[in-house]
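First up is the structure itself, then whatever we jot down about it.
None of these values were measured; they are calculated from a predicted model. Ligands are counted one by one from 1 in listed order, and the atoms in each one are counted from 1 as well. Values below: all heavy atoms of this structure, side chains included; hydrogens, waters and symmetry mates excluded.
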Amino acid sequence: PAVWFLLYPHPRREVTEALVRRAEGAGCTALVVTADSPRFGRRTRDLRNGFDDLPPGYAAENMRDLPGTPPGTLTDIPMHPAASWRDFAETVGATSLPVWVKGVLHPADARLAVAHGAAGVIVSNHGGRQCDSAAASVDCLPAVVEAVAGAVPVLLDGGVRRGG
Ligand SMILES: Cc1cc2nc3c(=O)[nH]c(=O)nc-3n(C[C@H](O)[C@H](O)[C@H](O)COP(=O)(O)O)c2cc1C
C-alpha cells in the first residue's frame, strides 16, 4: 500500500523532475534520494558472473520516453556524479511528496539532510554493494540518531550482503 520511489538524481534536472512526476503519477507516497551512489561501485559478483549490462530484450523501463537520449547501457542509467545538497533541496521543492535521503553514514551529513528539507534519513551503506568495507550502517546509527535529534524519522538498512 505504501510504495516509495528510489530516485537516483540524474545529471539533467529535467530528467530528474520527469522521474518525480512519474513517481507521483504512479501513486508513490514518498521519494528516497539515493545519496551514496554517484557511480556504480566495483561489484565483484557482477564481474564474476560476467554481468555488465541488461540482456537483450530488457530495458530500463523507468527511463523510457524521458527527455533527452535514453541511456545506452545500464551503467550510465541515472547517476549524477556531482549531485549536491542544492540539487536535493531543488527536488524537495519540486514535489509535495516527502523526500528522504538514503545512504547517510555520518552525523554531519544527517544534519545537512535535515537542513535541506529531508523528511527522513536512511542510515545505509547500500548493503556493501557500493563500497566494499564501508562502515557498517549499524555502527553509524547511534551518532546519526543523536545528530538528527528527533527532527525527522531515521531508518536503517540492512542485513549483511558482503563479508567486508
Ligand atoms: C539487487 C539489488 C538492487 C538494489 N538497487 C538499489 C537501487 O536501485 N537504489 C538504491 O538506493 N539501493 C539499491 N539497493 C540497495 C538496497 O536498497 C539496500 O540499501 C541494501 O540492499 C541494504 O539493505 P539490506 O541488506 O537490508 O538488503 C539494491 C540492493 C540489491 C541487493
Side-chain angles (χ1 to χ4, degrees), residues 2-12 15-24 26-55 57-64 66 70-85 87-88 90-92 95 97-106 109-110 112-113 116-145 148 152-164:
V3 176
W4 294 9
F5 184 71
L6 281 183
L7 175 70
Y8 281 120
H10 193 278
R12 295 178 55 192
V15 175
T16 306
E17 291 203 8
L19 283 167
V20 170
R21 298 284 93 80
R22 197 167 276 191
E24 291 168 344
C28 294
T29 54
L31 303 177
V32 182
V33 172
T34 301
D36 64 0
S37 304
R39 54 188 301 155
F40 275 119
R42 184 172 182 276
R43 298 182 169 183
T44 48
R45 201 174 291 175
D46 288 352
L47 292 172
R48 267 201 308 280
N49 291 329
F51 177 79
D52 58 5
D53 211 339
L54 294 174
Y58 288 79
E61 293 296 339
N62 278 347
M63 302 303 291
R64 195 183 284 276
L66 288 175
T73 68
L74 184 64
T75 43
D76 62 19
I77 283 184
M79 302 201 183
H80 185 356
S84 67
W85 286 113
D87 296 302
F88 177 79
E90 274 172 7
T91 301
V92 171
T95 180
L97 293 178
V99 187
W100 289 57
V101 183
K102 171 174 181 282
V104 172
L105 293 172
H106 197 285
D109 286 329
L112 282 166
H116 288 84
V121 169
I122 304 180
V123 179
S124 168
N125 71 1
H126 222 103
R129 290 163 55 79
Q130 272 303 111
C131 184
D132 197 10
S133 77
S137 49
V138 72
D139 289 337
C140 299
L141 182 65
V144 170
V145 167
V148 168
V152 297
V154 177
L155 299 185
L156 172 90
D157 75 21
V160 176
R161 290 177 186 273
R162 295 294 308 263

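Rounding to the nearest 0.5 Å places CZ of F5 at 11.5 Å from OG1 of T95. Atoms CD1 and OG1, from I122 and T34 in turn, are 8.0 Å apart once rounded to the nearest 0.5 Å.
Remark: the backbone N or O of A135 is paired with a side-chain donor or acceptor of N125 at under 3.5 angstrom.
Residue-ligand proximity, S124 to ligand 1, at heavy-atom distances under 4.0 Å covers atoms 19 (O). Here is the list of ligand 1 atoms found below 4.0 Å of a heavy atom in G127: 20 (C), 22 (C). Atoms of ligand 1 found under 4.0 Å from any heavy atom of T34, numbered from 1 in the order shown, are 9 (N), 10 (C), 11 (O).
In terms of heavy atoms, P153 sits closest to W100 at CB-CH2, 3.8 Å.
Of the candidates K102, R45, R43, K102 brings a heavy atom nearest to atom 10 (C) of ligand 1.
Side chains of E24 and L31 form no contact here, defined as non-hydrogen atoms less than 4.5 Å apart.
Here's the thing with D157: one of its N/O atoms is less than 3.5 angstrom from an N/O atom of ligand 1.
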